[in-house]
Amino acid sequence: MSSGLRVSYFHSESVGGFYYGRGHPMKPPRLSLTHALVKAYGLDRQMEVYSLRRATVEEALLFHTPEYVSFLAELDGIDLGSPPRTLPPATGLVLAPRDPYSARLARCFPPLGLPMASTSRSPRPSSLSHGRQAGHGHQGCLTPQVSQQSAEDLAAAKKALEESMRRHNLGHDDVPVFDGVLDFSLLSSGGSIDGAARLNAGVCDVAINWSGGLHHAKKQAASGFCYMNDIVLAILELLKFNPRVLYIDIDVHHGDGVEEAFYETDRVMTVSFHMYGEGFFPGTGAREDIGEGEGKQHAINVPLRAGIDDRSYAYIFKPVIAAIIESYQPTAIVLQCGADSLGCDRLGCFNLTIGQHADCLAFVKSFGIPLLVLGGGGYTVPNVARLWTVETATVLDVELTNDVIPYTEHFDLFGPSFKLIPDTHAGIANLNTRTYLDKMKSDILQQLKTIPF
Ligand code: TV7
Ligand code: CA
Ligand code: ZN
C-alpha cells in the first residue's frame, strides 16, 4: 500500500487562523482545509506529523536583516487595528481588519530583545514593542505620556513609520500588516527549517510543509503576500550538510526571492517555471537571467505563456528537470508546489490539472534524493486543499480514488462536484507553441552544457 518512505509532515492548526484582510486572495484557512482532508483520508497515520515550531529570530536573521525583522516585530506587537490608537491614524496605510480567528489563537509572544527599528523613536510606550500576551486584551487607551505628546512629535513618528513601511515594501494591498504577521511568518519558516533539519539528520526521506513556500520575500522587504522567506531559510539549513541543493518552483509566479538570495552561488541551483509577460507579477524570471559570478548558469528560468496545459507542461518539465539533476547532481531538492498553476485558479492563468501537478512531484521524487516539499500560492481554496492532499498521498505512494471526498466539517466548500479531482480545465487558450517550448528546452540543455561539473 505505501512505499515505506519516511515522511515528516509539519502543520499546526493555528496557522490556518491568520487573516490577510477583506478580499485578500491569500487565505491561510486553506491550510486547515488541507489538513482536514489529509486526516479524512487517513494519510496522517502514515507519516510523522509535527507541530510547526516558530523559527527563532536568530534563525530569521540568517537571511533577513535585523532592521527588517525588528520592524515586523514592532508592527506585530502593536494592535494597529483597534481604536483608540496609540499612534495617529495612519492615513494611506492599508490596515487589515481585526482577525476574526484571533480569539482562537493562543499567542504568547516573548520580548524579542532586539534593537528596535528606527521608528522606535515614535512616542509609543515601550511596553507595546513587547508584543501581545496571551490572555491580555489589546492596550486600549492612550497613556497620559502619549496624550501629552506634541502634534509635531506625533507627525514625526507617523512620518518615520510610513518611511519604514515604504522601505520594507509593507502595508499596501499585496502585503498588508495583519494581526500576527510575524507569528505567521515564523511558523511557516519554522516548519520549513525543521523539515530541512530532519532531512539533514537523515531521519526522513521527504519532509512536507504546506504552510511554507513563500518565495517572494526579500532579505529586507515583503513582496507578493510573502514576509519571510521560509524557503531561503530552509535551503540555508540544508547547506550545512549538502554541497549542492536544487530548488524547483512550479508556482505560477516567478520564484524571485529564492533566485535572488542564491544568484551568486553555485551551491544552489534555482529553477522556476512561471507565467511571464503581459505585466504578470513579479515581472522577473526572463530566460536570460542565469545567475552571476560563481552562480553564473546556476539560475534557470522557464518563462511560459498563458494557458499551458498538462501535455505542454510535462513536455518541458520532465526533460529539463531530468537534465538538471543529471548534470548538477544535487544532494537535496526543495520543491515549491504553488497550487496557483492549476486551471481555474483565482489569480493564475495556467491550465494544469491536479493529476499533472502531482505528476511533477512524483517525477522529482522518483530520483530518490532527499526532498523538501513546500506549499506556496493557490487561490481557489478548495482546489488547493485537494491538490496538496493528493500530493501528500503522492509522497506516501498512496493512491486516492476520484470519488466523493470524505466528510469533514468543511464538506460544503467542495461543491458543486464534491469530487476529489474536479475538472479544473479553464477555457483558456494555450499560447505556448511547440516551437516556443522546443527552443526553450534546447536553450536550457545548452545552458547546462556550459557548466563545468
Ligand atoms: C506566492 N496579484 C504570491 C503571488 C503574489 C501576487 C497580485 C493580487 C491581488 C491582491 C489583492 C487583491 C488581487 C485579484 C493579484 C501589481 C499589483 C496589482 C493589489 C490589488 N486582489 C505567490 C502579487 C500580485 C490584495 N501583485 O507567488 C488585496 O488580485 O500584481 C501585483 C501588483 C499592485 C497591487 N495590486 C495588484 O503565489 C504565495 N496581487 C484584493 C485585496
Ligand atoms: Ca514558479
Ligand atoms: Zn503564486
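Everything quoted here is computed from the prediction, not taken from an experiment. Hydrogens, waters and symmetry mates play no part in the numbers below; they use all other heavy atoms, side chains included. In each ligand, atom 1 is the first atom listed, and ligand 1 is the first ligand listed.
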Polar atom proximity, [X] to ligand 1 (N or O, under 3.5 Å):
X      : value
His216 : yes
His172 : no
Asp251 : yes
His24  : no

*Atom CD1 of Ile300 and atom CD of Glu259: how far apart are they, to the nearest 0.5 Å?*
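One gets 10.5 Å once the value is rounded to the nearest 0.5 Å.
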Could you find the nearest protein heavy atom to [atom] and give me its residue, atom name and distance?
atom                    : value
atom 30 (O) of ligand 1 : Phe281 CB, 3.6 Å
atom 32 (C) of ligand 1 : Asp174 OD2, 3.4 Å
atom 1 (C) of ligand 1  : His215 NE2, 3.4 Å
atom 40 (C) of ligand 1 : Gly23 O, 3.2 Å
atom 14 (C) of ligand 1 : Leu347 CD2, 3.7 Å
atom 20 (C) of ligand 1 : Asp173 OD2, 3.7 Å
atom 12 (C) of ligand 1 : Pro25 CD, 3.4 Å

Might you confirm whether atom [atom1] of [X] has over 12 heavy atoms from other residues, nucleotides or ligands at distances under 6.0 Å?
X      : atom1 : result
Gln329 : CD    : yes
Lys296 : NZ    : no
Glu294 : CD    : no

Ligand-side contact atoms (ligand 1) for residue partner [X], heavy atom cut-off under 4.0 Å:
X      : value
Asp340 : 37 (O)
Met26  : 38 (C)
Gly377 : 1 (C), 37 (O), 38 (C)

Of the backbone and side-chain N, O or S atoms of [X], does one lie nearer to the Ca ion (ligand 2) than 3.0 Å?
X      : value
Gly255 : no
His253 : yes
Gln336 : no

With rounding to 10 degrees, what does the angle Phe273:O / the Ca ion (ligand 2) / Ser272:OG come to?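 Approximately 90° at the metal, rounded to tens of degrees.
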### Message
ring-ring contact (aromatic ring centres under 6.0 Å, His included) for His64 and Tyr227? Distances and angles first, verdict last.
### Response
CA-CA 10 Å; His64 296 286; Tyr227 303 84; over 10 Å; no
| field | Name of whichever N/O/S atom of Asp251 is nearest to the Ca ion (ligand 2) | value |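 Looking only at N, O and S atoms of Asp251, the one nearest the Ca ion (ligand 2) is named O.
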Query raised in the report: Can you name the N/O/S atom of Asp249 that is nearest the Ca ion (ligand 2)?
Result: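 For Asp249, the N, O or S atom at the smallest distance from the Ca ion (ligand 2) is OD1.
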For the side chain of [X] and the backbone of [Y], is there at least one donor-acceptor N/O pair under 3.5 Å apart?
X      : Y      : value
Asp340 : Asp251 : no
Asp310 : Thr353 : yes
Asp76  : Leu182 : yes
Ser211 : Ser188 : no
Asn351 : His425 : no
Ser12  : Val15  : no
Tyr20  : Pro28  : no

Worksheet item: Given the protein's heavy atoms, is any one of them under 4.0 Å from atom 16 (C) of ligand 1?
Response: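 Under 4.0 Å from atom 16 (C) of ligand 1, zero protein heavy atoms found.
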Region of Tyr379 that comes within reach of ligand 1 [heavy atoms, distance under 4.0 Å]
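Under 4.0 Å from ligand 1, Tyr379 contributes side-chain atoms alone.
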ask   = Between Val252 and ligand 1, which part of the residue brings a heavy atom under 4.0 Å of the ligand: side chain, backbone, both or neither?
value =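 It is neither part, as no heavy atom is under 4.0 Å.
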Any idea which N/O/S atom from [X] gets closest to the Zn ion (ligand 3)?
X      : answer
His253 : ND1
Asp251 : OD1
Asp340 : OD2

Query raised in the report: Quick one: side chain to side chain donor-acceptor pair (under 3.5 Å) partners of Asp438, sequence neighbours excluded?
Result: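 With neighbours one apart ignored, the set is Tyr315.
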- Do Met269 and Tyr247 pass the side chain to side chain contact (heavy atoms under 4.5 Å, CB included) test, and can you show the C-alpha distance, the side-chain angles, and the key distance before you say yes or no? CA-CA 6 Å; Met269 181 171 276; Tyr247 173 67; over 6 Å; no
Is the distance from the Zn ion (ligand 3) to the nearest N/O/S atom of His215 under 2.8 Å?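 Under 2.8 Å: His215 has no N, O or S contact with the Zn ion (ligand 3).
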### Query
Looking at ligand 1, does His254 have a heavy atom less than 4.0 Å from it?
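His254 does not count as a contact of ligand 1 under the 4.0 Å cut-off.
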#### Entry: Member of Ile369, Leu199, Asn200 meeting the side-chain contact (heavy atoms from CB on, under 4.5 Å) criterion with Asn242
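It is Asn200, the one option of Ile369, Leu199, Asn200 that forms the side-chain contact (heavy atoms from CB on, under 4.5 Å) with Asn242.
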Salt bridge or not between Asp397 and Lys365? Use side-chain N to carboxylate O under 4.0 Å.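 So Asp397 pairs with Lys365 through a salt bridge.
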